[in-house]
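I have placed the structure first, in the form of structure tokens, so that the comments after it can refer back to it.
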Amino acid sequence: MSNFDKADFIQAVYQMVKTVPRGRATSYGAIARSIGYPNMSRMVGTVLGNCNSAETGIPAYRVVNSQGILSGKDAFGTPTEMQEKLAEEGVMVENNRIKDWKRVFWDPMKEIATD
DNA sequence: AGCCTGACGCCGC
DNA sequence: CGCGGCGCCAGGC
């Protein structure tokens with residue numbers, strides 16, 4: 001039998017993304033690890049690509065790849081929407097990459113007490 | 001079932 | 001430090 005429930009996975013992703021505070025951002029891999037599926041970073045991206053953030057309010061724009069690059073910007077309304085959303089809360093983007101990524105990065109695993 | 005693709009990540013070179 | 005290769009897993013054909 002498989003313990004993996006897709007709907008459950010999707011909800012876990014949504015919930016974890018919502019914990020990312022304004023002015024910070026995290027990565028697909030960090031989300032995947034924090035919900036117990038360390039090898040599912042690609043699936044996190046797939047889920048966010050279908051989350052319809054405009055309607056659901058899920059801050060998908062706060063999730064980028066492990067290098068701080070806005071790899072999902074094409075899924076937003078305009079080519080600059082993702083960058084603008086981040087800029088509104090003080091996260092600067094240059095050449096499609098978050099500036100000071102190491103400082104902006106927010107790791108759910110370290111910020112959320114799991115023990 | 002096999003092959004290709006994708007909002008990924010890590011390791012080499 | 002950019003670039004390629006490979007591992008990863010679910011979906012569409």
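Sequence lines set the chain letters: A, B, ... in the order given, protein chains first and strands last, and positions in each chain run from 1.
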Rounded to whole Å, how long is the line connecting atom [atom1] of [X] with atom [atom2] of [N]?
| X | N | atom1 | atom2 | value |
| --- | --- | --- | --- | --- |
| A:Asp74 | B:dC8 | CG | P | 11 Å |
| A:Met43 | B:dG6 | CE | C1' | 8 Å |
| A:Leu48 | B:dC8 | CG | C1' | 12 Å |
| A:Phe9 | C:dC9 | CZ | C1' | 9 Å |
| A:Met40 | B:dG6 | CE | C1' | 14 Å |
| A:Asn96 | C:dG2 | CG | P | 14 Å |
| A:Asn50 | B:dG6 | CG | P | 14 Å |
| A:Tyr61 | B:dA7 | OH | C1' | 16 Å |

Distance below 4.0 Å between A:Lys6 side-chain N/O and C:dC9 OP1 or OP2: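 No, A:Lys6 has no side-chain N/O under 4.0 Å of OP1/OP2 on C:dC9.
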Taking the same atom, C1', in C:dC13 and in B:dA7, what whole-Å distance lies between them?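 Those two atoms are separated by 22 Å.
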Using a 4.0 Å heavy-atom cut-off across all strands, classify [X] as base, sugar-phosphate, or nothing.
| X | result |
| --- | --- |
| A:Ser71 | sugar-phosphate |
| A:Ala32 | nothing |
| A:Val44 | nothing |

What's the verdict on ring-ring contact (aromatic ring centres under 6.0 Å, His included) for A:Tyr37 and A:Phe9, showing C-alpha distance, side-chain angles and the deciding distance? CA-CA 9 Å; A:Tyr37 294 96; A:Phe9 177 79; 5.5 Å; yes
Using the rule that Ile, Leu, Val, Met, Phe, Trp and Tyr join whenever any side-chain heavy atoms are under 4.5 Å apart, tell me whether A:Ile35 and A:Val17 fall into a single cluster. yes
Check whether A:Met16 and A:Ile58 end up in the same hydrophobic cluster, where Ile, Leu, Val, Met, Phe, Trp and Tyr are linked by side-chain heavy atoms less than 4.5 Å apart. yes
Provide a list of protein-nucleic acid N or O atom pairs under 3.5 angstrom, restricted to nucleotides 9-13 of chain B.
residue	atom	partner	partner atom	Å
B:dG9	OP1	A:Gly29	N	2.7
B:dG9	OP2	A:Ser66	N	2.7

Is a donor from one side chain sitting under 3.5 angstrom from an acceptor on the other, for A:Tyr61 and A:Glu88? no
Please report the closest heavy-atom contact between A:Ala30 and A:Asp107, naming both atoms and the distance. CB-OD1, 4.2 Å
Rounded to the nearest 0.5 Å, what separation is found between the CG atom of A:Leu70 and the CG atom of A:Asn95?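 Interatomic distance, A:Leu70 CG to A:Asn95 CG, rounded to 0.5 Å: 11.5 Å.
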Is any side-chain heavy atom of A:Ser27 closer than 4.5 Å to one of A:Phe105?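 They are in contact (side-chain heavy atoms under 4.5 Å apart), so the answer is yes.
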